[in-house]
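Contents: one structure, followed by commentary.
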Amino acid sequence: MVIQYKCPECGADMVFDSATGGLHCQSCGHKEQIEGYQKEYEPYQQQFHSAIFEDEDARQYQCKNCGAVLFTEKHTSAVICSFCGSPMILGDRLSGSYAPTKIIPFSISKEEAEKAFHKWCKKLKFSPKEFTEGSRIKEITGIYVPFWLYHLRGQGEAHLHCIRTHVFSRGDEEITETSHFDVYRQVDLALKDIPADASEKMADHLMDSLEPFDYSAMKEFQTPYLSGFLSEKYSFTDKEMLPRVTKRANEFMDEFIRSTVQGYDSITFENRDYHIGQLSSEYALFPVWMVYYDYNDAEYTFAMNGQTGKLAGDPPRSIPKIATSIGLLTLLIFMLCRIITIISGGPLL
Ligand SMILES: [Zn+2]
Ligand SMILES: [Zn+2]
């Protein structure tokens, strides 16, 4: 099933507009709110049953705008027709067990994302000049990435070894007194909305680096939000992703316990025993701009949080620039040492 949103005024394609949070006609400028849109404009929402070919890994859909046949990967749930540019939402990959419950819509437009990327590049101190000042963005794509949001309960206990030192003088002597404490904590925590990206395609470290997302802007899922963007459906179920999120939950438990133990000079976990249980999970789509950049015959991939603009990725490093910085730093340290020696009455040379 292909869904294409047509303008009720002129019949052209409508796409999601990050500035207004609604649908926008690219041809006549007509605007539509998304809340309540589904019911009122159902006749203008064109749905076609047109999966014309399918197998395990791929499926073909026909664009009703231009008639072209599009080949899609098995996890794709929204695309843009590569022939006429018309947004196509693949409804059969967004229904049943694949129906998302929540979405954070894009709040950064493509132009804003491009500008922010160039600004970020200019600030990179250790990257080659041709990279930071160049403009070789090969492609910039807005994609809704599938995430599982877990509600977990973390129960457990931990023993910590804490040390407090106290230095004081008695007569001519300086005395250091070290006290050791055995600290015990028992916790029962509700961990809400712990995210884990559920797409096989997206690198986990890249997606983790985009956090945090602002959940206050999260909406009930509706298909018009996807119009004009790419979207993926999850490739791993919430059960399959649980071990990864449990690892993160353990880290949260540590962090929380640590925050309750204060007033010591050193804190070490002696042992811990946690039990993480899944209460529920929600399937949500989060906005990400993927930036593909050509440099030195290689392609570099960066990801940008489509809501906050936070960027992640590894830019190329310039060895001469790093060497110059290390050289300058060494020189500075050497000069400082000389100055201190001279001030303290040392030899001039
Ligand atoms: Zn229009
Ligand atoms: Zn088309």
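Atoms within each ligand, like the ligands themselves, are counted from 1 in listed order. Since the structure is predicted, the reported quantities are computational estimates derived from the model, not experimental observations.
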Review point. Of R93, K74, K201, which is the lone residue that meets salt bridge (charged side-chain N to carboxylate O under 4.0 Å, His left out) with E232?
Key: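 By the salt bridge (charged side-chain N to carboxylate O under 4.0 Å, His left out) criterion, E232 pairs with just one of R93, K74, K201: K201.
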Check your understanding: Are W148 and F236 an aromatic pair by the rule of ring centers under 6.0 Å?
Key ->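 Between F236 and W148, which both carry aromatic rings, the centre distance is not below 6.0 Å.
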Review point. When the ring centroid of Y293 is compared with that of F117, is the distance short of 6.0 Å?
Key: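 Ring centroids of Y293 and F117 are less than 6.0 Å from each other.
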Review point. Has C25 got an N, O or S atom lying less than 2.8 Å from the Zn ion (ligand 1)?
Key: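 Yes, since at least one N, O or S atom of C25 sits under 2.8 Å from the Zn ion (ligand 1).
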Check your understanding: Angle subtended at the Zn ion (ligand 1) by SG of C10 and SG of C7, to 10 degrees?
Key ->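 Roughly 110°, rounded to 10°.
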Review point. In a check of side-chain hydrogen bond (donor to acceptor under 3.5 Å, both in side chains) between D13 and each of H24, K6, Q4, which one passes?
Key: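 The residue from H24, K6, Q4 that satisfies side-chain hydrogen bond (donor to acceptor under 3.5 Å, both in side chains) with D13 turns out to be K6.
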Check your understanding: Around H275, counting heavy atoms of other residues, nucleotides and ligands shown, do more than 12 lie under 6.0 Å from its NE2?
Key ->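 No.
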Practice item. Give a yes or no on whether E200 atom CD has more than 12 heavy-atom contacts from other residues, nucleotides or ligands under 6.0 Å away. Key: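 No.
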Exercise for review: Sequence neighbours left out, what pairs pass ring pair (Phe, Tyr, Trp, His ring centres under 6.0 Å) with at least one residue falling in residues 80-104?
Suggested key: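 Sorted pair list: Y98-Y234.
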Check your understanding: By residue and atom, what protein N/O/S atoms are less than 2.8 Å from the Zn ion (ligand 2)?
Key ->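 Near the Zn ion (ligand 2), below 2.8 Å, one finds C63 SG, C66 SG, C81 SG, C84 SG.
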